[in-house]
A.B. asks: 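One structure coming up, written as structure tokens, with questions to follow.
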Amino acid sequence: MKPVPPATSLRRAPVQRRSAERLTRILDACADLLDEVGYDALSTRAVATRAGVPIGSVYRFFGNKRQMADALAQRNLERYTARVTERLKETGDAGWRAAVDAVLDEYLAMKRTAPGFSLVDFGNQIPVGTRHAEPNHRVADRLTDLLSGYLDRAPDEDLRRVFLIAVETADTLVHLAFRMAPEGDEKIIEETRQMLRAYLARVLD
């Protein structure tokens with residue numbers, strides 16, 4: 001099982017600082033509008049208006065709203081990885097259970113607070129209502145590479161498969177928790193945590 005390469009939806013990568021700042025405003029506007037109007041009603045023109053940029057600036061980076069949402073999902077993954085990395089530094093040598101808690105807790109925190117995340121997260125639901133395998137492969141591969149060093153284990157095919165199963169399981173159950181309650185049903189989240197620990201203990205203990 002080879003790592004999935006990172007996805008990119010940009011027509012053109014920003015080179016100058018001003019261009020990078022404009023891209024950030026576009027993605028921020030996209031995230032806010034996803035929460036306000038949903039994916040179906042999202043439009044590149046509305047994003048341009050909210051971001052305060054010409055419509056041509058949006059099309060300079062993206063051909064359509066799907067590519068824009070994909071880029072937002074990729075940014076979410078980068079930010080999630082950074083958050084987990086910081087949490088792992090804080091946990092020190094507290095063990096793999098603390099690491100798994102950090103992974104789950106940071107995902108829940110983004111689910112509750114990051115604009116647009118409830119609709120696109122890491123790309124699993126774009127277009128909204130459908131589910132694709134590749135984003136979870138990207139998340140699992142990123143976490144395998146991140147946690148293998150913390151666990152002092154080689155990121156081999158077996159470990160990648162184990163983390164992919166764990167990510168798929170957690171993804172499904174967390175979505176269930178947030179369908180049951182706006183902030184996530186705490187009992188379902190706790191069941192998810194215990195299930196992950198029990199499954200991963202077979203490999204990591």
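Throughout, residue positions are numbered sequentially from 1 according to the sequence presented.
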A.B. asks: How far apart are the C-alpha atoms of Phe62 and Leu27, what are their side-chain angles, what is the distance that settles it, and do they pass the side chain to side chain contact (heavy atoms under 4.5 Å, CB included) test?
C.D. replies: CA-CA 11 Å; Phe62 308 109; Leu27 290 179; 3.9 Å; yes
A.B. asks: Could you go through the side chain to side chain contact (heavy atoms under 4.5 Å, CB included) check for Asp121 and Asn76 one step at a time?
C.D. replies: CA-CA 7 Å; Asp121 54 43; Asn76 286 339; 5.5 Å; no
A.B. asks: With ring pair (Phe, Tyr, Trp, His ring centres under 6.0 Å) as the criterion, how do Phe117 and Tyr107 come out once you've worked through the C-alpha distance, each side chain's angles and the decisive distance to 0.1 Å?
C.D. replies: CA-CA 10 Å; Phe117 194 86; Tyr107 179 62; 5.7 Å; yes
A.B. asks: Between Arg22 and Ser57, is any side-chain donor less than 3.5 angstrom from a side-chain acceptor?
C.D. replies: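 There is such a pair between these side chains.
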A.B. asks: To the nearest 0.5 Å, how far apart are CG in Leu42 and CG in Leu34?
C.D. replies: 5.0 Å
A.B. asks: Could you walk me through whether Val162 and Glu157 pass the side chain to side chain contact (heavy atoms under 4.5 Å, CB included) test, one step at a time?
C.D. replies: CA-CA 9 Å; Val162 165; Glu157 184 174 335; over 6 Å; no
A.B. asks: Hey, what's the ring geometry for Phe122 with Tyr80, parallel, tilted or perpendicular (30° and 60° as the breaks)?
C.D. replies: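 The arrangement is tilted - the two ring planes meet at 30° to 60°.
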A.B. asks: What closest approach, in Å, do Gly184 and Arg112 show between heavy atoms, and which atom pair accounts for it?
C.D. replies: O-NH2, 4.5 Å
A.B. asks: Looking only at heavy atoms, what is the nearest atom pair of Ala31 and Pro115, with distance?
C.D. replies: CB-O, 3.3 Å
A.B. asks: Taking 4.0 angstrom as the limit, do Asp158 and Arg161 come out as a salt bridge?
C.D. replies: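 Looking at Arg161 together with Asp158, the answer is yes, because their closest N to O distance falls below 4.0 Å.
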A.B. asks: OG1/Thr192 to CD/Glu190 distance, rounded to the nearest 0.5 angstrom?
C.D. replies: 9.0 Å
A.B. asks: Heavy atoms only: give me the nearest Ala99-Leu147 pair and the separation to one decimal.
C.D. replies: CB-CD2, 4.0 Å
A.B. asks: Compute whether any side-chain donor of one residue and acceptor of the other, for Arg60 and Ser19, lie under 3.5 angstrom apart.
C.D. replies: yes
A.B. asks: Are the side chain of Ser43 and the backbone N or O of Ala46 linked by a donor-acceptor pair below 3.5 Å?
C.D. replies: yes
A.B. asks: Under 3.5 Å, side chain of Arg25 to main-chain N/O of Ala51, donor-acceptor pair present?
C.D. replies: yes
A.B. asks: When clusters are formed by joining ILVMFWY residues with side-chain heavy atoms under 4.5 Å apart, either directly or through shared neighbours, do Phe178 and Ile188 land in the same one?
C.D. replies: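 Different clusters.
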A.B. asks: Between CG of Leu164 and OG1 of Thr144, what distance do you get to the nearest 0.5 Å?
C.D. replies: 8.0 Å
A.B. asks: Does a salt bridge link Arg83 with Asp105, judged by any charged N lying under 4.0 Å from a carboxylate O?
C.D. replies: no
A.B. asks: State, with a plain yes or no, whether a side-chain heavy atom of Leu159 is found less than 4.5 Å away from one of Leu204.
C.D. replies: yes
A.B. asks: Report the distance from atom CG of Leu173 to atom CG of Leu104, rounding to the nearest 0.5 Å.
C.D. replies: 10.0 Å
A.B. asks: To the nearest 0.5 Å, how far apart are CG in Asp70 and CZ in Arg75?
C.D. replies: 14.0 Å
A.B. asks: Does anything in residues 194-204 form a salt bridge (charged side-chain N to carboxylate O under 4.0 Å, His left out)? List the pairs, not counting sequence neighbours.
C.D. replies: Asp101-Arg197
A.B. asks: Check whether the side chains of Arg142 and Thr81 place a donor and an acceptor atom closer than 3.5 Å, and report yes or no.
C.D. replies: yes
A.B. asks: Given the rule that I, L, V, M, F, W and Y join up when any side-chain heavy atoms are under 4.5 Å apart, are Leu88 and Met110 in one cluster?
C.D. replies: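 Cluster IDs for Leu88 and Met110 match.
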A.B. asks: Go through the steps to decide whether Lys89 and Glu86 satisfy the test salt bridge (Lys or Arg N to Asp or Glu O under 4.0 Å), and finish with yes or no.
C.D. replies: CA-CA 5 Å; Lys89 290 178 182 176; Glu86 285 302 309; 3.3 Å; yes
A.B. asks: Give a yes or no on whether a salt bridge exists between Lys111 and Glu106, defined as a side-chain N under 4.0 angstrom from a carboxylate O.
C.D. replies: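 Looking at Glu106 together with Lys111, the answer is no, because their closest N to O distance does not fall below 4.0 Å.
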A.B. asks: Compare all side-chain heavy atoms of Thr169 with those of Tyr199 and state whether any distance is below 4.5 angstrom.
C.D. replies: no
A.B. asks: How long is the gap from CZ on Arg66 to CG on Asn64, to the nearest 0.5 Å?
C.D. replies: 8.5 Å
A.B. asks: Taking all non-hydrogen atoms of both residues into account, name the closest pair between Leu196 and Ala166 and its distance.
C.D. replies: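 It is CD2-O, 3.5 Å.
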A.B. asks: Between Val167 and Leu176, is there shared hydrophobic-cluster membership here, with clusters defined by ILVMFWY side-chain heavy atoms closer than 4.5 Å?
C.D. replies: no
A.B. asks: Treating Ile, Leu, Val, Met, Phe, Trp and Tyr as nodes and any side-chain heavy-atom pair under 4.5 angstrom as an edge, say whether Leu200 and Leu108 lie in one connected cluster.
C.D. replies: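 Yes; tracing contacts between hydrophobic side chains, which count when under 4.5 Å, links both residues.
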A.B. asks: Is it true that His175 and Asp171 share a donor-acceptor pair across their side chains at a distance under 3.5 Å?
C.D. replies: yes
A.B. asks: Under the rule for ring pair (Phe, Tyr, Trp, His ring centres under 6.0 Å), what residues qualify as partners of Tyr150, not counting sequence neighbours?
C.D. replies: none
A.B. asks: How close do Arg87 and Ala102 get, heavy atom to heavy atom, and via which atoms?
C.D. replies: NH2-CA, 3.5 Å
A.B. asks: Looking only at side-chain N and O atoms, does Thr44 offer a donor or acceptor that is under 3.5 Å from a partner on Tyr59?
C.D. replies: yes
A.B. asks: Please answer whether the main-chain N or O of Ser148 pairs with a side-chain N or O of Arg153 as donor and acceptor at a distance below 3.5 Å.
C.D. replies: no
A.B. asks: Should Met68 and Lys65 be marked as a side chain to side chain contact (heavy atoms under 4.5 Å, CB included) after you check the CA-CA gap, both sets of side-chain angles, and the distance that decides it?
C.D. replies: CA-CA 5 Å; Met68 195 162 39; Lys65 69 177 184 180; 4.2 Å; yes
A.B. asks: With no hydrogens and no angle check, is any side-chain donor or acceptor of Asn136 less than 3.5 Å from a backbone partner on Glu168?
C.D. replies: no
